[in-house]
Amino acid sequence: MILLANSEAWPGISESADLLKSRSAGLDAILAGIAHVERETKVRSVGYGGWPNMLGRMEFDAGVMDGATRGVGSVGAVPETVPVAALARAVMERLPHVTLTGEGARRFADEIGLPREEALLEDSRRVWRERLEKELSREELAAFPDIPLAPLSRTITDPERVRDTTVFLCRDAKDQMAAATSTSGWAWKYPGRLGDSPIAGAGFYADSRYGAAACTHTGEMTIRCATSRTVVLAIKLGFTLVDAVDLAVEELAELDTGFLGPVVIHAIDAGGNHEVTSFRCQDAITYWLWKEGMAEPELRTARPAHTQREN
Ligand code: GLY
């Protein structure tokens with residue numbers, strides 16, 4: 001058994017580990033943990049603690065994947081919903097579809113009994129409003145939001161504030177793997193923007209036969225490179241886990257147009273190995289690991305990637 005999650009997972013990692021220890025199914029274990037992260041207002045990238053879009057509204061992204069079946073469920077840009085990873089799981093289990101977005105996702109949440117939540121914290125609203133007041137002219141503020149928003153995506157949108165999400169990967173007592181993600185996405189993002197967290201193959205992927213991977217930070221890059229799928233496919237093709245992650249990093253490093261930023265790849269394989277590699281991150285990146293035999297989850301430090309393009 002193994003459980004791997006990014007540093008934001010601290011409110012839920014112990015519960016996920018305890019559930020795995022008691023032989024719960026992997027998806028149950030990581031969904032229980034991620035729900036704690038979504039409810040914790042101190043985690044400023046997920047659920048109640050996240051930041052709103054350019055219009056000051058919360059829009060959440062989440063995804064789950066069952067490595068036993070390669071079943072996927074995800075939701076993107078869904079308003080007023082916490083816990084949103086649970087909604088993604090319901091898409092996988094109750095619908096013939098894989099992904100729902102926006103109002104359709106919220107309608108489905110109503111149908112399965114998830115209450116509407118005003119998830120925008122007063123502190124988040126204040127910081128968003130101050131940002132608008134700093135960047136917009138008096139005329140633009142008076143007309144807001146009936147002004148073109150696209151130019152603001154260069155000045156207001158703040159990937160520095162939140163490049164993060166929460167990701168959980170596990171292999172359970174029956175050797176089945178699962179992945180789950182949840183985020184509010186970039187602060188002040190263009191309304192309707194999807195990151196990689198609801199995009200299977202980009203922000204997450206799991207195939208119990210080979211491995212599972214999930215990414216944090218710049219979703220615009222991992223969508224372009226299908227990073228999580230690249231890692232798992234490379235393992236299938238015979239790469240070691242470290243070489244599979246290095247291949248995915250090389251592909252990210254080859255991008256030289258569009259928005260370029262940091263990415264962190266989290267991955268496990270069917271041999272019980274784990275790897276967390278940070279690419280273009282200025283600060284040290286930490287992550288949570290629990291494996292069979294460990295009393296508690298431990299906070300570890302990721303390996304910084306060294307690519308020719310970075311050197
Ligand atoms: N990786 C999270 C996002 O891009 O929204």
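Just so it is clear, the values below take in all heavy atoms, side chains as well, and ignore hydrogens, waters and symmetry mates. Whatever order the structure lists ligands and atoms in, that order sets their numbers, starting from 1.
- Of all atoms in ligand 1, numbered sequentially from 1 with element shown, those under 4.0 Å from a heavy atom of G219 are 1 (N), 4 (O).
- Between the side chain of E135 and the main chain of L152, no donor-acceptor pair closer than 3.5 Å is present.
- The distance from ligand 1 to the heavy atoms of G185 drops below 4.0 Å at these ligand atoms: 5 (O).
- Judged by distance alone, the side chain of D66 and the main-chain N or O of R70 form no donor-acceptor pair under 3.5 Å.
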Problem set entry | Candidate pair R125 and E122, rule salt bridge (charged side-chain N to carboxylate O under 4.0 Å, His left out), full reasoning | CA-CA 5 Å; R125 204 200 71 79; E122 184 46 39; 3.7 Å; yes
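- Linking Ile, Leu, Val, Met, Phe, Trp and Tyr whenever their side-chain heavy atoms come within less than 4.5 Å leaves L120 and W128 in two separate clusters.
- Taking every heavy atom of D196 and a limit of under 4.0 angstrom, the matching atoms of ligand 1 come to 1 (N), 2 (C), 3 (C), 4 (O).
- Close N/O approach between T165 and ligand 1 is not found [any backbone or side-chain N/O within under 3.5 Å].
- When atom types are taken as modelled, the side chain of K189 and the backbone of S184 share a donor-acceptor pair closer than 3.5 angstrom.
- Residue Y210 is not grouped with residue L247 when hydrophobic side chains (ILVMFWY) are merged at heavy-atom distances under 4.5 angstrom, including chains of intermediate members.
- Not a single N or O atom of S197, backbone or side chain, sits closer than 3.5 Å to an N or O atom of ligand 1.
- Of all the atoms in ligand 1, the ones that sit under 4.0 Å from a non-hydrogen atom of H217 are 1 (N), 2 (C), 3 (C), 4 (O).
- By the criterion of a heavy-atom distance under 4.0 Å, the side chain of R193, and not its backbone, is placed next to ligand 1.
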